[in-house]
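The block underneath contains the structure these notes are about, expressed in structure tokens.
So that the names make sense, note that chain A is the first sequence line, chain B the second, and so on, each numbered from 1.
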Amino acid sequence: MQNLSRRFSTVPIHKLLPQQLHQHQPQPTRFFIPFSEYQQKRKLLEHKLISDLDVCANLSQVKEVHAHLLRHGLSQCCYVLTKLVRTLTKLGVPVDAYPRLVFLQVKYPNPFLWTAMIRGYTVQGPISEALNFYTCMRSAGTGPVSFTFSALFKACGDVLDVNLGRQIHAQTILVGGFAADLYVGNTMIDMYVKCGFLDCGRKVFDEMPDRDVVSWTELIVAYTKIGDMGSARELFEGLPVKDMVAWTAMVTGYAQNARPRDALDCFERMQGAGVGTDEITLVGLISACAQLGASKYANWVRDIAEKSGFGPTENVLVGSALIDMYSKCGSLDEAYKVFQGMKERNVFSYSSMILGFAMHGRANAAIELFHEMLTTEIRPNRVTFIGVLTACSHAGMVDQGRQLFATMEKYYNVVPSADHYTCMVDLLGRAGRLEEALELVETMPIAAHGGVWGALLGACRIHGNPDIAQIAANHLFELEPDSIGNYVMLSNIYASAGRWADVSRVRKMMKEKGLKKNPAYSWVETKKGVIHEFCAGETNHPEYAEIKKALDDLLNRLQAHGYQPNLNSAAYDLGIEERKRILMSHSEKLALAYALLSTDSGSTIKIMKNIRICEDCHVFMCGASQVAGREIVVRDNMRFHHFSNGKCSCGNFW
DNA sequence: GTAGGGTTAG
């Protein structure tokens, strides 16, 4: 066996070119074969070997074909050997071993055989060896084929090496004609986009003589990923023939960019265009419905899934997405029904269900399900641990949470991320161990992000610790200078501690930065599925008089049960009566009163909020669930609160 | 050989 490395040049292509090009013009590939009986027989044999290779399921079968091939004197037949190399790499045989030996026995490899080797190295690595083969192929005077470049671009995209990609791009132009090839162009766009050079991808697209729906979709997706839905849309509208993948890219793009309405509109247009729907389209659509959080859409999309033949029972992808959606729409029971009905479950199904339980304050159910999962073959991933740690933290299970955290890397090979540290800080913080939580943040081996400090700040609110709150807030002001919530939180913590001078200081900071409080909104769905929006302090609802009356009635009954307004939940510098009035105009209270008027007495009231529920409203909801005898579910921007018989599922920690 | 996909914490 010859030593390959000595025969092959190791000079990088940019040094070989362009001089090398002039020395070795690519030889034209010969397609014409003189016809004869011998040729005919040989051709039949080649075809037989190829189809034998097609059905090979393991290495020994391939070896048999190889032996057969050698017996018939086809050791130089590039056509069959190319197939042999492809089959071997497809079966996962290291290209550096057996395929390389096969290749070395060929005196004059044709471009396809070279490319099969290059492709093998681009898939299995190292990419340097793929490039080495390319260089040698060129030095041997062999002209590449378009697939050679596609394989190389794919490899560059996978390892995010744009410099290499650019060198190969230059090659496609130098070697001649390949830059204009459709497949080469498409993989080139993909490479640039993956490496984060969208503009270069766009330039390739703009200069391509032939484009197909794949070229368009690649760019559309790239725009949706960076959040530029305007450019995505513009391209999409110009796309002459829109197929299912292209439509799906738009639907999913809107969903991923928090524009659920547009996602739904786009889907309806897609249906109007007579384009079919598959599981991937449904996932995007379901995610949009989850964001809308209304049961009307939840039922609508489930119906579509069933009718398209991708029901949750059969399809694990759709099933998992539906679990998440129902959880986010406040229908935990429905989520669990979907979960139980699924024939096949995977780590997504389990994690979504565990997160659903955790989000709704059902800590024990979440932890039980986690243990049930461990009895299966399915291994937990990073998201599963987020779910189960969140559950522990809401149930105050400090020791169990610590134990889980300690085992995640050891037994499950999941390295704790800043997000997992967020859960741990939350766990310790909620349990009142603020110093320990602070110590954990200060000693964690990776950088703390806003989430970690935010968890600490939230714990300081629960336990009224303005000093540690100040430390956390200072970090947050650095990390997230424009995030209004942190200022509001710190100001509230000072207000609860009666430190009015500090409250003024924080307010001044907000003013200087030009930050304004987000207006508070609540939404409630009537029995007809119409969604009503309420803004704090708003009096212009058409049924405002009735709402006000219902709210006053409720207030009177609650006061008879001992409810007293929590005045700390309103601005400190107003009079007591004014503060009481403001508290009563909070949007979730208006929404609750309207729901009492407009829904059936036995049904659960569901209210969605855009900001965190205040303490006064929380107490108010607890009481209301008792005196009105209703189940109330409130989704704020953090989690779900289930109010029933005067108690909340969050255990008054939120 | 090329394009669309799910769960994430304050």
Using the side-chain hydrogen bond (donor to acceptor under 3.5 Å, both in side chains) criterion, which residues pair with A:Asp212? Sequence neighbours excluded.
A:Asn186, A:Ser215
Report, one line per pair, each donor and acceptor closer than 3.5 Å where one atom sits in a side chain of residues 479-488 of chain A; sequence neighbours left out.
| unit_1 | atom_1 | unit_2 | atom_2 | d |
| --- | --- | --- | --- | --- |
| A:Glu480 | OE1 | A:Asn486 | ND2 | 3.0 |
| A:Tyr487 | OH | A:Pro481 | O | 2.9 |

For a quick check of understanding: with a heavy-atom distance under 4.0 Å over all strands, which category does A:Val184 fall into, base, sugar-phosphate or nothing?
nothing
Counting only non-hydrogen atoms, which of residues 417-426 of chain A are less than 4.0 Å from DNA chain B?
A:Asp419, A:Thr422
Would you indicate what A:Val383 reaches in the nucleic acid, counting non-hydrogen atoms under 4.0 angstrom: base, sugar-phosphate, or nothing?
base
Regarding A:Gln256, tell me which of base, sugar-phosphate or nothing describes its non-hydrogen contacts under 4.0 Å with the strands shown.
sugar-phosphate
Its 5'-most and 3'-most nucleotides having an atom under 4.0 Å from a non-hydrogen atom of chain A, DNA chain B is contacted over B:dG1 to B:dG10
For A:Gly451, answer base if it contacts any base atom (sugar-phosphate contacts may also be present), sugar-phosphate if it contacts only those atoms, and nothing otherwise; contact means non-hydrogen atoms under 4.0 Å.
base
Within a strict 4.5 Å, meaning less than it, do heavy atoms of the A:Leu282 and A:Ile304 side chains meet?
yes
May I ask you to say what A:Leu389 touches in the nucleic acid, namely base, sugar-phosphate or nothing, with a heavy-atom cut-off under 4.0 Å?
nothing
Classify A:Gly356 by what it touches in the nucleic acid, base, sugar-phosphate, or nothing, heavy-atom distance under 4.0 Å.
nothing
Could you tell me which residues satisfy ring pair (Phe, Tyr, Trp, His ring centres under 6.0 Å) with A:Phe405, sequence neighbours excluded, listed by chain and number?
A:Tyr421
Using a 4.0 Å heavy-atom cut-off across all strands, classify A:Met250 as base, sugar-phosphate, or nothing.
nothing
For A:Ser146, answer base if it contacts any base atom (sugar-phosphate contacts may also be present), sugar-phosphate if it contacts only those atoms, and nothing otherwise; contact means non-hydrogen atoms under 4.0 Å.
base
Does A:Asn346 reach a base, just sugar-phosphate, or nothing at all? Heavy atoms under 4.0 Å.
base
Got a sec, which residues hit side-chain hydrogen bond (donor to acceptor under 3.5 Å, both in side chains) with A:Asp228, two or more places apart in sequence or on another chain?
A:Ser231
List the residues meeting ring pair (Phe, Tyr, Trp, His ring centres under 6.0 Å) with A:Phe640, not counting sequence neighbours, and say none if there are none.
A:His360
Taking atom CD of A:Gln340 as the centre, does the number of heavy atoms from other residues, nucleotides or ligands within less than 6.0 Å exceed 12?
yes
Does A:Ile386 reach a base, just sugar-phosphate, or nothing at all? Heavy atoms under 4.0 Å.
base
Across all chains, not counting sequence neighbours, the side-chain hydrogen bond (donor to acceptor under 3.5 Å, both in side chains) partners of A:Asp181 are none
List in chain and number order the residues that pass side-chain hydrogen bond (donor to acceptor under 3.5 Å, both in side chains) with A:Lys154, two or more places apart in sequence or in another chain; answer none if no residue qualifies.
A:Asp158
Would you indicate what A:Ser351 reaches in the nucleic acid, counting non-hydrogen atoms under 4.0 angstrom: base, sugar-phosphate, or nothing?
base
For A:Arg382, which contact category applies under a 4.0 Å heavy-atom criterion: base, sugar-phosphate, or nothing?
base
Using a heavy-atom cut-off of under 4.0 Å over every strand shown, decide if A:Lys242 touches base, sugar-phosphate, or nothing.
nothing
